[in-house]
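Chain A is the first sequence line, chain B the second, and so forth, proteins listed ahead of strands; every chain is numbered from 1. What's counted below: heavy atoms across the whole structure, side chains too, no hydrogens, waters or symmetry copies.
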Amino acid sequence: MSEEKSLNFIEEIISQDLASGKYASILTRFPPEPNGYLHIGHAKSICLNFGLSKQFGGGTNLRFDDTNPAKEDIEYVDSIKADVKWLGFDWVKECYASDYFDQLYAFAIKLIEKGVAYVDDSSAEEIAQQKGTPTVPGTGNAFRNRSIEENLTLFAAMKAGEYEDGAKVLRAKIDLASPNMHMRDPLLYRIKRAHHHRTGDDWCIYPMYDFAHGQSDAIENITHSICTLEFIPHRPLYEWGIEQLGIYPSKQYEFARLNMTYTVMSKRKLLQLVEEGHVESWDDPRMPTISGMRRRGYTSDSIRDFCERIGVAKRENIIDLSLLEFCVREHLNKIAQRRMVVTNPIKLVITNYDKGEEILHSENNPEDPNGGTREVPFSNELWIEREDFMEEPTKKYFRLGPGLSVRLKSAYIVTCESFEKDAAGNITTVFATYHSESKSGQDTSGIHVKGTLHWVSAKHAIPVELKEYDRLFSVEDLSNADGDFKDYINPNSLKSVAAYAEPALANDALEAHFQFLRKGYFYQDTNSTKGKLIFNRTVTLKDTWAKEQKK
RNA sequence: UGCCUGAUGGUGUAACGGUAGCACAACUGUUUUUGGUGCAGUUUGUCUUGGUUCGAAUCCAGGUCAGGCAACCA
C-alpha cells in the first residue's frame, strides 16, 4: 500500500468531488479544433482526460471545437480520430460544437431577451479601441443601449445573411471597466461566410470560442472541463455564460501545457514547417506530431508512459527530450526484434574459414526468453562497420585492430591478422582468422574478448536504406531564443544512409519494431516497399562509448 | 502601470505544519556474446526578506523573477 502514487491536483479535486457525493461519476472531454494534426502536447491532454475518466469511473467525449470554418477541415477530423484511437483511447461520444449551432443560437436569443447581449455595428478596430487597455477602462458606445426588440431583429437579420462579413457582431453586455479584459463585453457571434466542413453553407454567423466551449460542456453535462493555463482569464466568462443561461454547471480547471526541448509545440508553427517545406508533411518523422512519432516508430505505450511520468501541474515546464527517448527505449528494448545491419561497411575476410558458408542462429530478443531465434548465414566474406576497425587502436578500444580479437555476434571469435588500403589510404579489407572451437553457444576455446561486433555475410546481404533523424531544432528552448524559430532549424536533422542488412529482414512483418544491433531502434517507413526497404531510426541506443570518445 | 497564474537539484514531479523523496539527465563501479540491458552507488535543490510556531517547502506579509490577458482565433 505504501506504493500508492500521490495524486496530482486535478485527481485531488476529482476524488474529493466523488467522495463528497457532488458527482456519482465524471465526464471529461478532449476538445481539439480540427485545424491541424495532434502533437505530443495533445497526447498529454488526451492521457489526462481519458486517463482520469478511466481512473475514476466515467467517460470522455471527443469533441471537435469546430466554430471557425475558415481554418478547419475534414482531413484534420479524420487524423485526430485516428491518433486518439492509436493512443489507445475510446470516447463515449463523438461530438461537434457545430451540432449545437441551433442550440447556441437559441442561447444567444435568451441572452438578448435578458438584456445582457447586444448587436454592435462597430468595426473590429473600433471595438478594440473601445475596450481600452489592461490599465485603462473601456468605454461603451451607442449600440450598447439598443432595445431588446431591436437587438432581436438585428440578430435575426445577421443570421439571415442580410449583412456583410464583419458588419455587425453580437456582444455580451458585462462590464467595460472589468480588470479582466475578457469581461469587457466579449464577442459572442461574428458574421463569416465560409464553407463549414459539416454544416456547409447553412450558417453565416458562427459563435466565438467563449460562446461555444462552456456551452458545449454544459450541453454534454461535462463535469470536469480541463484546459490549459492560457484559458484561466476566460474562466469568469465561462461561468458567466453558465449562470446567465442557467445550464449545467460544468467546471473548468487549468493545467500547464507541455513544452519540450529542441522542438516547437504549436499548431501554427508546425503548419508553417509543413507549408514552407522544412519538413515533408505533418507525419514527417521529425515532427512532434502523433502521426510523425508513429511513423518514426514510437509506440503508443511509450507515449502514454511519457505522459504519465511528466506529471500534471500548474507551473510552466520544459521537458527534456531525453525523457521521451528514455521511455521509448525502455519499451522498445522489451519488444524489438534484434537484427544485424551494417552501414559504413568494410570487408572482413576470414582467411582460414573453408566451409564456404553455414547457417547460424541468433536470438530475436535477449529480453524475451520466448522470443525465439532466427537463421543468420555466415561465410568467409563479411561486412563490418568501418568504425569497428582501427589501424592503431587506442587503449580502451575493444574492437578490431592488428592482432586484436573480437567475438562476431552469434558466430565465432576472430583475430585480425592484416589489412589492406587503397591508394587514398582508406582501409578496404581486413583479414582475420577464426577460431573454429569458439562457435557461439558451444565455445570451448577458452578465449575471452571484450568486444562483440555485428556483421552481415557479404553474399547474403540485402541493401536497405536507413533514415537517421536528429533533433529538428538546434537550441533547447525555442521560447527563449531570439528571432524567428525557423532560424534554429537543424540543417542535419535527416541523414539517409545506405546499408547492408541480414536477409531475415526481408521476410519480417511490416509493423515490427526492430533493434539493429549496436545502432538503434528502427521502424519501417510508410514509403518502404519489398523491393526497396526503408527504415526510420526511432532512437539511437544509449552510447557510452561515444561519450567516452568525446573526452 | 491593472488583473490573473506560478516559483523545490540540470529537467520534471512529490512531501497537504514534523526525516526534502522519486524519475530522467550527469558521473562511479559491476554484470553482459549489443560499449545495449540489468544491478549497486555518487553528485546537485525549497526565489528573497520578515513574521506566526517547539517546529515552515508548506501558514501570513512585503519584495524579486517568470508566464498569461487588450484576435470578428481556439
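- Within 4.0 Å (heavy atoms only), A:P31 reaches no atom of the nucleic acid at all.
- Between the P atoms of B:U33 and B:G21, the separation comes to 37 Å (whole Å).
- Closest contact between the side chain of A:L187 and the listed nucleotides B:C72, B:A74, B:A70 involves B:C72.
- Contacts of A:R329 with the nucleic acid, taken as non-hydrogen atoms under 4.0 Å apart, are absent.
- The CZ-P distance, from A:F306 to B:A23, rounds to 17 Å in whole Å.
- Of all nucleotides present, only B:G12 satisfies the Watson-Crick or G-U wobble test against B:C22, with each distance under 3.5 Å.
- Rounded to a whole Å, the OH atom of A:Y238 is 16 Å from the P atom of B:A74.
- Residue A:D65 has its side chain nearest to B:A74 when only B:C24, B:C72, B:A74 are considered.
- Residues A:K396 and A:E548 are paired through a salt bridge, judged by an N-O separation under 4.0 Å between the basic side chain and the carboxylate.
- The side chain of A:D543 sits closest to B:G35 out of B:G36, B:G35, B:A74.
- The side chain of A:K519 places no N or O atom within less than 4.0 Å of a non-bridging phosphate oxygen (OP1 or OP2) of B:G36.
- When atom types are taken as modelled, the side chain of A:D320 and the backbone of A:S322 share no donor-acceptor pair closer than 3.5 angstrom.
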For nucleotides 13-17 of chain B, give me every protein contact, N/O to N/O, under 3.5 Å, one pair per line with atom names.
| residue | atom | partner | partner atom | Å |
| --- | --- | --- | --- | --- |
| B:U13 | OP2 | A:R315 | NE | 3.3 |
| B:U13 | OP2 | A:R315 | NH1 | 3.0 |
| B:A14 | O2' | A:S6 | OG | 3.3 |
| B:C16 | N4 | A:E12 | OE2 | 2.5 |

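- Residue contacts for A:H182: at a heavy-atom cut-off of 4.0 Å it reaches the sugar-phosphate backbone alone, with no base atom in range.
- A:Y412 and A:H435 get closest at one heavy-atom pair: CD2-O, 3.5 Å.
- Between B:C59 and B:G6, the distance separating the two P atoms is 11 Å to the nearest Å.
- Between the A:Q442 side chain and the A:K439 main chain, no donor and acceptor come within less than 3.5 Å of each other.
- Within 4.0 Å (heavy atoms only), A:F398 reaches at least one base atom of the nucleic acid.
- When each of B:C27, B:G2, B:G35 is scored by its nearest atom to the side-chain atoms of A:P134, the top-ranked nucleotide is B:G2.
- Residue-to-nucleotide proximity on RNA chain B shows that, of A:E33 and A:T452, the 5′-proximal contact is made by A:T452.
- Of the candidates B:C72, B:U33, B:G68, the closest approach to any side-chain atom of A:S440 belongs to B:U33.
- The aromatic rings of A:Y434 and A:Y353 stand perpendicular to each other, their planes meeting at an angle above 60°, with 30° marking the opposite boundary.
- Residue A:N68 is classed as a sugar-phosphate contact, given heavy-atom separations below 4.0 Å to backbone atoms only.
- Remark: A:R184 is not in phosphate contact with B:A70, judged by side-chain N or O atoms under 4.0 Å from OP1 or OP2.
- At a threshold of 4.0 angstrom between heavy atoms, the contacts of A:S122 include nucleobase atoms, whether or not backbone atoms are also involved.
- Across all strands, A:Q515 comes closer than 4.0 Å to base atoms (heavy-atom distances).
- Between A:L517 atom CG and B:U32 atom P the separation is 18 Å, expressed in whole Å.
- Here A:R309 pairs with A:E330 in a salt bridge; the nearest charged N to carboxylate O distance falls below 4.0 Å.
- Defined by atom type and a distance below 3.5 Å, a donor-acceptor pair is present between the side-chain atoms of A:N480 and A:D477.
- Of the nucleotides present, B:G6 is the one that pairs with B:C65 by Watson-Crick or G-U wobble criteria, both distances under 3.5 Å.
- Regarding A:D73, its CG atom lies at a distance of 18 Å from the P atom of B:C73, rounded to whole Å.
- A:H234 places no side-chain N or O within donor-acceptor distance of the main-chain N or O of A:H182, the cut-off being under 3.5 Å.
- Using a 4.0 Å heavy-atom distance criterion, A:I413 is classed as making no nucleic acid contact.
- Comparing A:P233 and A:E125, the nucleotide of RNA chain B nearest to each residue sits closer to the 5' end for A:P233.
- To the nearest whole angstrom, the two C1' atoms, one in B:U37 and one in B:U32, are 8 Å apart.
- Nearest nucleotide to the side chain of A:K547, out of B:A26, B:G36, B:A74: B:A26.
- Side-chain to base pairing of A:R518 with B:G35: no donor and acceptor N or O lie closer than 3.5 Å to each other.
- At a threshold of 4.0 angstrom between heavy atoms, the contacts of A:F516 with the nucleic acid are absent.
- At whole-Å resolution of the value, CG in A:L229 and C1' in B:G68 are 8 Å apart.
- One side chain, A:Y118 or A:D185, offers a donor N or O that lies under 3.5 Å from an acceptor on the other.
- The residue A:G138 sits apart from the nucleic acid: no heavy atom pair falls under 4.0 Å.
- The backbone N or O of A:G371 lies less than 3.5 Å from a partner atom in the side chain of A:N364, making a donor-acceptor pair.
- For the C1' atoms, the distance linking B:U30 with B:A23 amounts to 22 Å, nearest Å.
- Residue A:T67 has its side chain nearest to B:A74 when only B:A74, B:C72, B:U37 are considered.
- A:H454 and A:E385 form a side-chain donor-acceptor contact under 3.5 Å, judged by distance and modelled atom types alone.
- Listed candidates were B:G35, B:C72, B:G36. Nearest to the side chain of A:K396 is B:G35.
- In this model, a side-chain donor or acceptor of A:H234 finds a partner on the base of B:A74 within 3.5 Å.
- At the heavy-atom level, A:Y206 lies nowhere under 4.0 Å from the strands shown.
- Remark: P of B:G36 and NE2 of A:H513 are 23 Å apart, rounded to the nearest angstrom.
- An aromatic stack links A:W545 and the base of B:G35, using centre distance under 5.5 Å and interplanar angle under 30°.
- Look at B:U28: its Watson-Crick or wobble partner, with both distances under 3.5 angstrom, is B:A40.
- If you check distances only, the side chain of A:E367 does reach the base of B:G36 with a donor-acceptor pair under 3.5 Å.
- If you take atom P in B:U43 and the same atom in B:U28, they sit 15 Å apart, rounded to whole Å.
- Comparing the P positions of B:U48 and B:G9 gives an interatomic distance of 10 Å, to the nearest angstrom.
- Rounded to whole Å, atom C1' of B:C72 lies 6 Å from atom CZ of A:R190.
- When the side-chain nitrogen and oxygen atoms of A:T544 are compared with OP1 and OP2 of B:G36, one or more of them lie within a distance under 4.0 Å.
- Rounded to whole angstrom, the span from the NZ atom of A:K409 across to the P atom of B:U32 amounts to 14 Å.
- Between B:G45 and B:A26, the distance separating the two C1' atoms is 16 Å to the nearest Å.
- Using a 4.0 Å cut-off between charged nitrogen and carboxylate oxygen, A:E230 and A:R257 count as a salt-bridge pair.
- The gap from the C1' atom of B:U42 to that of B:A74 amounts to 48 Å, rounded to the nearest Å.
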